[in-house]
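Input: a single structure, listed below in structure tokens.
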Amino acid sequence: NLSTIYVPAIAKAAYDVAPWDAYTIAEMPQKGTVFEVDGFSFEVVGDVLECSIIGGTVDTSTLTIPSMVKYNGMIFKVTSIGSSYTRAFAYSKYTSVVIPNTVKHIDGFVFQYSALSSLTIPSSVVDINPFAFCDCVELVSITVDPANKIYDSREDCNAIIETNTNTLFKGCSSTIIPSSVTKLGEQSFRGSGITTISIPNSITEILIGAFFECKKLTSVIIPNSVTFIDTQAFGDCYNLPYITIPNSVSYFGLGAFSNCFNLKTVTLPNTLTDIGVFTFSNCASLANVVMLGTSVPKEMPYGGSVFYLCPDDLTIYSPLGTEDAYQHWSGLPAKDTHMLIEPSSYISDSEYEDCNIAYRRDFEDTNWQAWYVPFDMIYDKMYEDFVVARLGDIVHIDDDGDGAYDRWQLEIIRLNQGDLIEANRPYVIRANGVSSPTFVAKNTTLYASEEKIFECFTATGRYTVHGVYNSPELGVKPYR
């Protein structure tokens, strides 16, 4: 039999009349009321009988969130996890969580730094804060109930995808980004255990903090579909030694690569038009920055410097003729630096002594190709990734032993590590893999362009090979 009626506190006095006075009139807990049931804390979230679980611990590896809890004789439906002022299960040792189909909202930081290794989002969830599962370094498995209308984990991608926007909302160390995804969302991989990632060419934007604090990340490939890299997208990636930024990116947000302590060399594309302050702040190992653009990027406001707290001997390389503009833009000490990009024209009657050179070249295959540069460099750091050889003499070969030469070939003599690669001398080079490296030579001489004749001898004759840098239309013309 009905004996107790629960009403809002503000309306209780109105029920002290017949026929209501025949029942016990009790006040419903007000919004914000906190209560405990079975070791867990809950908070009333509205005038209806709904609550949020906001903390508590039990001695199990799996956290099972109840769908209903009873308090003061009333049954409350659990519709949320977390609150604006608690971090619920942050730093907890739970390795998995069972979320009931009553939960609609998951608040920020509720599982931050927890030991979660697996996560399943039920069909009832309609709203997840981007920070909800940040810094879960052990997380390796993510699934979404196929009946969920807001989120999905298409193609067994081990991620949460926002269905309508095709934005990857939350990833983990085993995520494979589907080709249907167009954006990497805010904080999507923040603090995950990811070590390497290949981003598909469907991605156009990498949003705020997408890879922030990915301390195990050592390799990332950004495709030339990406145009926008937002604030702190790769901030605090302590072990990232290099990153290739394609000629499509036009925007870097504030601190996009800040605190990447192991980043040594970075090449910025000629499409870059806007760059946030502190983009490379506190990159303690950064030694070389290669700017491919002939126009200086616009530095975003807020004060500060793009290279704040970077090493004092950081060198910026820019296209010939732009050195003064880049020196003024960066605030770095003026240095005699030059950059050559192949193919690009290099026609100069001048000679630059004691300068720093950055030379960039695309290797689209692993075949031998001609190499001819107007500066000296040591065959040292590039030794593991490139085979370099100098030209020798012409050798006549008698294949069938009849005393007549059937063919001839040009000798190539491989260089040893530490050998000098001389300026304006023909070499051949072969890459171990497809890449677009930038070679750096410091305190060297950039020689004037000149036609070069290389002589090869055999027992019966002399041969000459000609090469020259001479074509603004064709760019740097390799030795033929």
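What's counted below: heavy atoms across the whole structure, side chains too, no hydrogens, waters or symmetry copies. Along the sequence shown, the residues carry numbers beginning at 1. Being a predicted model, the structure only gives us computed values, none of them experimental.
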Check whether any side-chain heavy atom of [X] lies under 4.5 Å from a side-chain heavy atom of [Y], and answer yes or no.
X: V110; Y: I106; value: yes
X: L240; Y: V220; value: yes
X: V387; Y: I429; value: no
X: V98; Y: I65; value: no
X: L314; Y: F280; value: no
X: N270; Y: N247; value: yes

[Y] versus [X], side-chain donor and acceptor atoms under 3.5 Å:
X: N262; Y: N239; value: no
X: S52; Y: S83; value: no
X: S123; Y: N101; value: yes
X: D236; Y: N259; value: yes
X: Y85; Y: E43; value: yes
X: R154; Y: S180; value: yes

Query raised in the report: salt bridge (Lys or Arg N to Asp or Glu O under 4.0 Å): which pairs involve residues 270-298, sequence neighbours left out?
Result: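 Applying salt bridge (Lys or Arg N to Asp or Glu O under 4.0 Å) to every pair that reaches into residues 270-298, excluding sequence neighbours, yields D274-K298.
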Query raised in the report: What salt bridge (Lys or Arg N to Asp or Glu O under 4.0 Å) pairs are there with at least one residue in residues 155-164, not counting sequence neighbours?
Result: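 Those involving residues 155-164 do not exist here.
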Query raised in the report: Do T271 side-chain atoms and S250 backbone N/O form a donor-acceptor pair below 3.5 Å?
Result: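 Between the backbone of S250 and the side chain of T271 there is no qualifying donor-acceptor contact (under 3.5 Å).
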Requested in this report: Anything under 30° is parallel, anything over 60° is perpendicular, the rest tilted; go ahead and classify Y238 against F261.
Outcome: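 Aromatic pair Y238/F261 classed parallel.
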Requested in this report: Could you check whether the rings of F234 and F211 sit parallel, tilted or perpendicular, using 30° and 60° as the cut-offs?
Outcome: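 F234 vs F211 ring planes: parallel.
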Requested in this report: Any ring-ring contact (aromatic ring centres under 6.0 Å, His included) involving residues 154-181? Give me the pairs, sequence neighbours left out, ordered by first then second residue.
Outcome: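 For residues 154-181: Y151-F169.
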Query raised in the report: How long is the gap from OG1 on T95 to CG on L119, to the nearest 0.5 Å?
Result: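 Spacing of OG1 (T95) from CG (L119) equals 12.0 Å.
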**Report entry** Rounded distance [0.5 Å steps], OG1 in T120 versus CD1 in I142
**Finding:**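 One gets 9.5 Å once the value is rounded to the nearest 0.5 Å.
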Query raised in the report: Can you check ring pair (Phe, Tyr, Trp, His ring centres under 6.0 Å) on F228 and F252, steps first, answer last?
Result: CA-CA 7 Å; F228 186 93; F252 283 154; 9.9 Å; no
Could you list the donor-acceptor pairs under 3.5 angstrom formed by side chains in residues 56-63, with sequence neighbours left out?
residue: T60; atom: OG1; partner: T62; partner atom: O; Å: 2.8
residue: T62; atom: OG1; partner: S96; partner atom: OG; Å: 2.8

Query raised in the report: So, is the end of the R87 side chain (NZ or CZ) under 6.0 Å from the ring centre of F89 and within 45° of the ring's axis?
Result: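 The answer is no, since R87 fails at least one limit relative to F89.
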For residues 184-195, which side-chain donor-acceptor pairs fall under 3.5 Å, sequence neighbours excluded?
residue: S188; atom: OG; partner: G185; partner atom: O; Å: 2.9
residue: R190; atom: NE; partner: D135; partner atom: OD2; Å: 3.4
residue: S192; atom: OG; partner: F189; partner atom: O; Å: 3.0

Query raised in the report: Take atom NZ in K31; do more than 12 heavy atoms of anything else shown fall under 6.0 Å from it?
Result: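 Not more than 12 within 6.0 Å, no.
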Query raised in the report: Going by the side-chain hydrogen bond (donor to acceptor under 3.5 Å, both in side chains) test, which pairs reach into residues 207-228, not counting sequence neighbours?
Result: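 Residue pairs passing side-chain hydrogen bond (donor to acceptor under 3.5 Å, both in side chains), neighbours aside: none found.
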Query raised in the report: So among F212, F109, Y113, which one has a ring-ring contact (aromatic ring centres under 6.0 Å, His included) with F131?
Result: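 In the set F212, F109, Y113, the residue that makes a ring-ring contact (aromatic ring centres under 6.0 Å, His included) with F131 is F109.
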Report task. Decide ring pair (Phe, Tyr, Trp, His ring centres under 6.0 Å) for Y94 and F111; before the verdict, give the C-alpha distance in whole Å, the side-chain angles of both, and the deciding distance to 0.1 Å. Result -> CA-CA 9 Å; Y94 298 119; F111 289 97; 8.0 Å; no
